[in-house]
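These notes concern the structure reproduced below.
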Number of protein chains: 2
Amino acid sequence: MDTSQLLKGVLDLAVLAVLRDEDGYGYDVLRRLRAGGMGEVGDASVYGTLRRLYKAGLLTSYVVPSDEGPHRKYYGMNDAGRERLVESEKAWRAFQETLDAILRKGAVA
Amino acid sequence: MDTSQLLKGVLDLAVLAVLRDEDGYGYDVLRRLRAGGMGEVGDASVYGTLRRLYKAGLLTSYVVPSDEGPHRKYYGMNDAGRERLVESEKAWRAFQETLDAILRKGAVA
DNA sequence: CGCGGTACTGCGCTTTGCGCAATAGTGTTC
DNA sequence: GAACACTATTGCGCAAAGCGCAGTACCGCG
């Protein structure tokens with residue numbers, strides 16, 4: 001079973017959701033997602049997604065040196081990110097419903 | 001908004017679902033999916049998926065000449081396909097719930 | 001001093017959906 | 001009857017995104 005393909009296009013959404021209420025750095029975002037049930041998500045995927053979202057102007061970023069370990073690159077939401085989160089969530093819900101409908105009725109006949 | 005990424009790993013499931021009750025040929029499967037709400041799905045994606053599933057041993061295939069147009073390549077389910085459908089559906093439901101939970105609570109805090 | 005946990009970057013691979021062109025048969029319209 | 005539109009399939013090459021893995025680096029502990 002390849003859960004990884006299901007993540008495509010949805011990891012963005014998950015990452016944004018996890019950052020909605022509180023800023024977080026990569027490693028922490030990874031932990032939040034895993035704690036939330038996404039045990040299969042790879043670390044590189046999360047770091048990549050964060051960079052992608054930042055580059056797209058949806059996140060802010062600032063580095064904080066840590067006393068107990070390497071520096072941490074925090075990411076936080078801005079207005080564009082919040083807007084995107086709402087849109088993506090809507091798209092997700094619509095898609096979900098569409099697929100569920102198809103699963104329910106099988107062939108339209 | 002890029003709905004296409006949401007399809008990844010799920011188009012298989014949709015195609016199998018649509019073939020569950022009745023055999024169908026590519027063009028028809030495409031129509032069923034579009035009628036079911038997947039207006040954005042590309043024809044090449046469906047043909048590709050059918051070939052992939054067939055190659056994976058999940059579908060049977062037979063060609064039927066048509067009186068009114070080109071020949072049609074029908075696809076039908078076999079036991080492996082049916083089994084896969086059930087599994088994939090289960091995986092989909094689980095994934096759905098996981099993501100919804102993350103969307104609900106945001107940061108685990 | 002090496003080992004394990006924390007934390008990030010970069011590289012290359014794979015899967016998969018997509019656009020587009022080509023091929024081909026049929027019916028319609030001007 | 002030539003052009004066009006719809007049906008129906010194949011193949012090619014592209015792009016997006018998740019992943020594994022290696023490398024770097026910093027810390028504390030035994």
Side-chain angles (χ1 to χ4, degrees), chain A residues 1-16 23-35 38-56 58-59 61-75 88 91 95 98-99, chain B residues 1-16 23-35 38-56 58-59 61-75 88 91 95 98-99:
Chain A
M1 185 62 21
D2 196 8
T3 7
S4 87
Q5 290 296 326
L6 288 175
L7 273 180
K8 300 246 171 156
V10 162
L11 186 53
D12 285 30
L13 176 56
V15 167
L16 287 174
D23 290 6
Y25 53 96
Y27 201 77
D28 190 42
V29 168
L30 179 64
R31 268 194 302 236
R32 291 186 198 175
L33 291 175
R34 293 216 168 126
M38 298 201 158
E40 335 77 10
V41 67
D43 59 338
S45 308
V46 173
Y47 286 119
T49 299
L50 285 169
R51 267 175 288 185
R52 196 153 35 77
L53 293 175
Y54 173 70
K55 211 172 146 196
L58 304 174
L59 295 179
S61 175
Y62 50 99
V63 173
V64 176
S66 167
D67 315 354
E68 322 189 343
H71 70 283
R72 294 168 173 173
K73 199 169 195 172
Y74 277 81
Y75 291 94
S88 293
F95 182 77
T98 301
L99 182 52
Chain B
M1 186 59 21
D2 196 9
T3 8
S4 86
Q5 289 296 325
L6 288 175
L7 275 178
K8 300 250 168 150
V10 162
L11 186 53
D12 286 31
L13 176 56
V15 167
L16 287 174
D23 289 7
Y25 54 97
Y27 202 79
D28 191 42
V29 168
L30 180 63
R31 269 193 303 236
R32 291 185 198 176
L33 291 176
R34 293 212 167 129
M38 297 201 158
E40 336 77 7
V41 68
D43 59 338
S45 308
V46 172
Y47 285 117
T49 300
L50 284 168
R51 267 175 287 182
R52 196 152 35 78
L53 292 175
Y54 173 70
K55 212 173 146 198
L58 304 174
L59 296 178
S61 174
Y62 50 101
V63 173
V64 176
S66 166
D67 314 355
E68 323 188 342
H71 70 283
R72 296 167 172 173
K73 198 169 195 173
Y74 277 81
Y75 291 93
S88 294
F95 182 77
T98 300
L99 182 52

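Values below: every heavy atom of this structure, side chains too, minus hydrogens, waters and symmetry copies. Throughout, protein chains are lettered first and strands after them, A, B, ... in sequence-line order, and every chain is numbered starting at 1.
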Whole-Å distance between D:dG18 P and A:Leu30 CG?
13 Å

Looking at side-chain heavy atoms only, is the closest gap between B:Leu7 and B:Ser45 below 4.5 Å?
no

Between B:Arg34 and B:Val41, the two heavy atoms sitting closest are NH2-O, 2.6 Å

With sugar-phosphate meaning primed atoms plus P, OP1 and OP2, does A:Val41 contact a base, only sugar-phosphate, or nothing at under 4.0 Å between heavy atoms?
sugar-phosphate

Map A:Asp67 and A:Val10 onto DNA chain D by nearest heavy atom, then report which one ends up closer to the 5' terminus.
A:Val10

Note, B:Ser4 side chain near B:Glu40 side chain (heavy atom, < 4.5 Å):
no

Please report the distance, rounded to the nearest Å, between CG in B:Leu50 and P in D:dG11.
14 Å

Which atoms form the tightest heavy-atom contact between B:Gly26 and B:Val46, and what is the distance?
O-CG1, 4.0 Å

Minimal non-hydrogen separation, A:Ala14 against B:Leu99, with atom names:
CB-CD1, 4.0 Å

For the pair made of CD in B:Gln5 and P in D:dA15, what is the distance, rounded to whole Å?
14 Å

Counted 5' to 3', the first and last nucleotides of DNA chain C within 4.0 Å (strictly under) of a heavy-atom of chain A are C:dT6 to C:dT16

Would you mind classifying the nucleic acid contact of B:Gly9 as base, sugar-phosphate or nothing, using non-hydrogen atoms under 4.0 angstrom?
sugar-phosphate

For nucleotides 3-10 of chain D, give me every protein contact, N/O to N/O, under 3.5 Å, one pair per line with atom names.
from, atom 1, to, atom 2, distance (Å)
D:dT7, OP2, B:Tyr27, OH, 3.0
D:dA8, OP1, B:Tyr25, OH, 3.2
D:dA8, OP1, B:Arg72, NE, 2.3
D:dA8, OP1, B:Arg72, NH2, 2.2
D:dA8, OP2, B:Tyr25, OH, 3.0
D:dA8, OP2, B:Arg31, NH2, 3.2
D:dA8, O3', B:His71, O, 3.4
D:dT9, OP1, B:Lys73, N, 2.5
D:dT9, OP1, B:Lys73, O, 3.4
D:dT9, OP2, B:Gly26, N, 3.2
D:dT9, OP2, B:Tyr27, N, 2.7
D:dT9, OP2, B:Tyr47, OH, 3.2
D:dT10, OP1, B:Lys73, NZ, 2.5

Minimum heavy-atom distance B:Ser88-B:Leu13, with the two atoms named
CB-CD1, 3.8 Å

Only counting residues at least two apart or in another chain, list the ones meeting side chain to side chain contact (heavy atoms under 4.5 Å, CB included) with A:Tyr74.
A:Asp23, A:Tyr25, A:Tyr62, A:Val64, A:Arg72

Whole angstrom value for the distance that separates P of D:dA17 from CG of A:Leu6:
16 Å

Are A:Val10 and B:Phe95 packed together at the side-chain level, in the sense that at least one heavy-atom pair is separated by less than 4.5 angstrom?
yes

